[in-house]
Engineer: 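Dumping the structure here so I can ask a few things about it.
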Amino acid sequence: MARRIEHRSTSEWSASAVHQALIDVDYLTDRLRTLGGAHAELVEHVSTPDGGVRYQIRHGVRSDALPQLARSVVGGDLVIDRSESWRRQDDEHYTGEVAAEIAGVPCTIAGSMWLRDLDEPVGTEISEFVVSGTVRVGVPLVGGKLEDLVADQVQKLLAAEEQFTGEWLARRG
């Protein structure tokens with residue numbers, strides 16, 4: 001059985017500004033340097049024929065930072081390959097897909113994302129970012145516990161990335 005992931009956040013930045021950050025090579029490199037852990041890297045970054053962007057990133061988590069249950073299944077450091085694709089729907093709305101796999105573990109994470117401006121008073125810019133997805137772990141007996149663990153870690157990572165994005169945009173004015 002899969003676990004749902006639902007993440008919703010708002011930003012003081014416009015959807016356009018957040019989107020530009022999310023697909024920027026410098027932003028992705030800075031984010032990975034700060035949040036990506038061991039073996040973090042931007043593996044691929046390409047423009048798509050529909051005017052969007054697709055990229056693959058790799059995160060690493062040292063085994064000593066993992067809960068015991070995860071350490072017993074993974075057997076070492078955790079390597080997560082994550083791909084995202086983004087498309088512009090209009091000036092105030094962007095959609096995307098995300099997928100991730102954990103090397104050596106039958107675990108998949110898949111979801112959709114959207115980013116849009118909220119209707120706010122003139123002179124203010126506020127956007128909303130939503131991720132909706134699922135975590136599946138195909139390990140007998142402990143799969144459900146691992147799904148809960150992974151879903152919780154994904155929520156924490158999304159919150160950390162949200163904070164990083166706001167700070168990164170603020171530094172660039």
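Because the structure is a prediction, the values reported are computed rather than measured. For the single chain, residues carry numbers from 1 onward in sequence order.
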Engineer: Begin from the C-alpha positions of His59 and Leu157 and carry the test side-chain contact (heavy atoms from CB on, under 4.5 Å) through to its verdict.
Structural biologist: CA-CA 11 Å; His59 297 266; Leu157 178 62; 4.2 Å; yes

Engineer: Please walk me through it: do His45 and Val53 pass side-chain contact (heavy atoms from CB on, under 4.5 Å)?
Structural biologist: CA-CA 7 Å; His45 188 281; Val53 171; 3.6 Å; yes

Engineer: Are Val18 and Leu32 linked, directly or through intermediate hydrophobic residues, by side-chain heavy-atom contacts shorter than 4.5 Å (ILVMFWY only)?
Structural biologist: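 Cluster IDs for Leu32 and Val18 match.
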
Engineer: If you define the side chain from C-beta out and look only at heavy atoms, does anything of Asp24 sit under 4.5 Å from Trp168?
Structural biologist: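 The answer is yes; the side chains approach within 4.5 Å.
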
Engineer: Start with the C-alpha gap between Asp26 and Arg171, add the side-chain angles, then the distance that decides, and say whether salt bridge (charged side-chain N to carboxylate O under 4.0 Å, His left out) holds.
Structural biologist: CA-CA 13 Å; Asp26 291 335; Arg171 284 193 302 271; over 6 Å; no

Engineer: According to a 4.5 Å side-chain heavy-atom criterion applied to Ile, Leu, Val, Met, Phe, Trp and Tyr, with indirect links allowed, do Phe164 and Val130 form part of one hydrophobic cluster?
Structural biologist: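 No, it is not one cluster - the side chains of Phe164 and Val130 are not joined through contacts under 4.5 Å.
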
Engineer: Going through the distances and angles, do Val79 and Arg58 end up as a side-chain contact (heavy atoms from CB on, under 4.5 Å)?
Structural biologist: CA-CA 7 Å; Val79 177; Arg58 183 164 293 138; 3.6 Å; yes

Engineer: State whether Lys145 and Glu147 are salt-bridged, where the test is any N-O pair (Lys NZ or Arg NE/NH1/NH2 against Asp/Glu carboxylate O) under 4.0 Å.
Structural biologist: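 Here Lys145 does not pair with Glu147 in a salt bridge, since their nearest N and O are not under 4.0 Å apart.
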
Engineer: Rounded at 0.5 Å granularity, tell me how far CG in Leu78 sits from CD in Gln153.
Structural biologist: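 Spacing of CG (Leu78) from CD (Gln153) equals 9.5 Å.
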
Engineer: Rounded to the nearest 0.5 Å, what separation is found between the CD1 atom of Ile102 and the CG atom of Leu146?
Structural biologist: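 The CG atom of Leu146 is 8.5 Å from CD1 of Ile102, to the nearest 0.5 Å.
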
Engineer: Restricting to ring-ring contact (aromatic ring centres under 6.0 Å, His included), what partner residues turn up for Phe129, sequence neighbours left out?
Structural biologist: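 Phe129 satisfies ring-ring contact (aromatic ring centres under 6.0 Å, His included) with no residue once adjacent residues are dropped.
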
Engineer: Between Glu6 and Arg8, does any side-chain N to carboxylate O distance fall below 4.0 Å?
Structural biologist: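 Not counted as a salt bridge, because no side-chain N and carboxylate O are separated by less than 4.0 Å.
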
Engineer: What closest approach, in Å, do Ala17 and Leu169 show between heavy atoms, and which atom pair accounts for it?
Structural biologist: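 What the structure gives for the nearest pair is O-CD2, 3.8 Å.
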
Engineer: Can you tell me how far the CG atom of Leu158 sits from the CD atom of Gln163, to the nearest 0.5 Å?
Structural biologist: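 Atom-to-atom, Leu158:CG and Gln163:CD are 13.5 Å apart.
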
Engineer: State plainly whether the residues Glu97 and Arg87 are in salt-bridge range, i.e. N to O under 4.0 Å.
Structural biologist: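 Salt bridge flag = yes for Arg87 with Glu97.
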
Engineer: As an exercise, state the distance from CD of Glu167 to CD of Glu162, rounded to the nearest 0.5 Å.
Structural biologist: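 Output value for this atom pair is 10.5 Å.
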
Engineer: Grab the two heavy atoms, one from Ala151 and one from Arg3, that are nearest each other, plus how far apart they are.
Structural biologist: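 Scanning both residues completely, I find the closest heavy atoms to be CB-CB, 4.4 Å.
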
Engineer: I need the minimum non-hydrogen distance between Val137 and Cys107, along with the two atoms involved.
Structural biologist: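 Shortest heavy-atom separation between Val137 and Cys107 comes out as CG2-SG, 3.7 Å.
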
Engineer: Do Gln155 and His7 come within less than 4.5 Å of each other through their side chains, counting heavy atoms only?
Structural biologist: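 With C-beta onward as the side chain, the pair touches.
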
Engineer: Under a single-linkage definition using a 4.5 Å side-chain heavy-atom cutoff for Ile, Leu, Val, Met, Phe, Trp and Tyr, are Ile80 and Val43 assigned to the same hydrophobic cluster?
Structural biologist: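 Result: no, two separate clusters.
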
Engineer: Are Val150 and Ile109 side-chain neighbours, meaning at least one heavy-atom pair lies under 4.5 Å?
Structural biologist: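 Yes; the side chains approach each other to less than 4.5 Å.
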
Engineer: Just checking, any donor-acceptor pair under 3.5 angstrom between side chains of Tyr27 and Thr165?
Structural biologist: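 Yes - a donor-acceptor pair under 3.5 Å links their side chains.
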
Engineer: Answer whether the closest heavy-atom distance between the side chains of Val139 and Pro106 falls below 4.5 Å.
Structural biologist: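 A side-chain contact exists here, since the closest heavy-atom pair is under 4.5 Å.
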
Engineer: Are the side chains of Thr95 and Trp86 in contact, using a 4.5 Å heavy-atom criterion?
Structural biologist: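 Answer no - side chains too far apart.
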
Engineer: Starting from Val98, can I reach Val61 by hopping between I/L/V/M/F/W/Y residues whose side chains sit under 4.5 Å apart?
Structural biologist: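 Shared cluster, yes.
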
Engineer: Following the transitive rule for hydrophobic clusters with a side-chain heavy-atom cut-off under 4.5 Å over Ile, Leu, Val, Met, Phe, Trp and Tyr, establish whether Leu28 and Leu115 coincide in one cluster.
Structural biologist: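 Shared cluster, yes.
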
Engineer: Any side-chain to backbone donor/acceptor pair from Asp117 onto Ala15? Under 3.5 Å, distance only.
Structural biologist: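 Present.
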
Engineer: With a 3.5 Å cut-off and no angle check, do the side chains of Arg4 and Ser132 form a donor-acceptor pair?
Structural biologist: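 Yes, a side-chain donor-acceptor pair sits under 3.5 Å.
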
Engineer: Given side chains that start at C-beta, do those of Glu161 and Leu35 come closer than 4.5 Å, heavy atoms only?
Structural biologist: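 Side chain of Glu161 against side chain of Leu35, heavy atoms only: contact under 4.5 Å found.
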
Engineer: I need the full list of ring pair (Phe, Tyr, Trp, His ring centres under 6.0 Å) pairs touching residues 88-107, with sequence neighbours left out, sorted by first then second residue.
Structural biologist: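 Listed once each, the pairs are His19-Tyr94.
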
Engineer: Taking only Lys NZ, Arg NE, NH1 and NH2, and the carboxylate oxygens of Asp or Glu, determine whether Glu84 and Arg54 approach each other closer than 4.0 Å.
Structural biologist: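 Here Glu84 does not pair with Arg54 in a salt bridge, since their nearest N and O are not under 4.0 Å apart.
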
Engineer: Between Arg116 and Glu128, is there a salt bridge with N-O shorter than 4.0 Å?
Structural biologist: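 Judged by the 4.0 Å cut-off on N to carboxylate O distance, Glu128 and Arg116 do form a salt bridge.
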
Engineer: Can you name the closest pair of heavy atoms from Leu42 and Tyr55 and give their distance?
Structural biologist: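 In terms of heavy atoms, the two residues are closest at CD1-CB, 4.2 Å.
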
Engineer: If I take atom CD from residue Glu92 and atom CG from residue Leu118, how far apart are they, to the nearest 0.5 angstrom?
Structural biologist: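 The distance works out to 10.0 Å.
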
Engineer: For the residue pair Ser14 and Ser127, establish whether any side-chain heavy-atom pair is separated by less than 4.5 Å.
Structural biologist: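 Side chain of Ser14 against side chain of Ser127, heavy atoms only: no contact under 4.5 Å found.
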
Engineer: If you group Ile, Leu, Val, Met, Phe, Trp and Tyr whenever their side-chain heavy atoms sit less than 4.5 Å apart, what else falls in with Val46?
Structural biologist: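 Grouped by the 4.5 Å side-chain rule, Val46 forms a cluster of one, so the answer is none.
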
